[in-house]
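Below is one structure, written out as structure tokens; comments come after it.
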Amino acid sequence: WTQTSWMQPQMHPYDRSFYDPTSGEYTVGRYLADLRARYGGIDSLLLWPTYTNIGIDDRNQFDYFRTMPGGLEGVRRVTAELHAEGVKVMWPYNPWDTG
């Protein structure tokens, strides 16, 4: 699938069009609608919760996933929502960050 993934943004899970801090909910539909309107949509995305925070304190990359809204279950749900919309999801892995 990577050879046909033409549009793949790198994004942060706290993007205001992807996450609503008031309701505490991910807004996958709103995010994807915005991208469709702006440039025809996306094929996949790199959802990067560690960027730009990794290294500012003693948390490791896995701590950042656990502290995402909804915890690891929230990560599963938002990934499933994106998959249901036909969007592949990549998550970063930093092998040097052993925490």
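Side-chain contact between F18 and L32: absent, with no pair of heavy atoms (C-beta onward) separated by less than 4.5 Å. Contact of the E25 side chain with the P69 side chain is not registered, since no non-hydrogen atoms from C-beta on lie closer than 4.5 Å. Counting heavy atoms from C-beta on, the side chains of R59 and Y64 come closer than 4.5 Å.
Qualifying side chain to side chain contact (heavy atoms under 4.5 Å, CB included) partners for E73, counting only residues two or more places apart in sequence or in other chains: R76, R77. For P49, the side chain to side chain contact (heavy atoms under 4.5 Å, CB included) partners at least two apart in sequence or on another chain are P13, F65, M68, W91, P92. Among residues two or more places apart in sequence or in another chain, the side chain to side chain contact (heavy atoms under 4.5 Å, CB included) test is passed with D20 by T22, S23, T27, R30.
With hydrogens and angles left out, the side-chain atoms of Q61 and T50 include no donor and acceptor closer than 3.5 Å.
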Decide yes or no on side chain to side chain contact (heavy atoms under 4.5 Å, CB included) for D43 and T4, but give the supporting numbers first. CA-CA 8 Å; D43 301 303; T4 59; over 6 Å; no
Output, in order, the C-alpha distance, side-chain angles, deciding distance and verdict of side chain to side chain contact (heavy atoms under 4.5 Å, CB included) for D63 and N60. CA-CA 5 Å; D63 294 331; N60 66 35; 3.5 Å; yes
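Atoms CE and CG, on M90 and L45 in that order, are 7.5 Å from each other to the nearest 0.5 Å. How far CG of L46 is from CE of M11: 9.5 Å, rounded to the nearest 0.5 Å.
Each of D34, V28, L35 was evaluated against Y31; a single residue qualifies, L35, per the side-chain contact (heavy atoms from CB on, under 4.5 Å) test.
Linking ILVMFWY residues whenever their side-chain heavy atoms come closer than 4.5 Å, directly or via other members, leaves W48 and V78 in distinct clusters. Both L72 and L82 are assigned to one and the same hydrophobic cluster, defined by single-linkage of ILVMFWY side chains at heavy-atom distances under 4.5 Å. Under a hydrophobic clustering in which Ile, Leu, Val, Met, Phe, Trp and Tyr are joined whenever their side-chain heavy atoms come within less than 4.5 Å, directly or via other members, V87 and W6 fall into different clusters.
Ring pair Y14/Y19 is perpendicular by interplanar angle, where above 60° counts as perpendicular and below 30° as parallel.
Within a 6.0 Å radius of CZ in R36, other residues, nucleotides and ligands contribute more than 12 heavy atoms.
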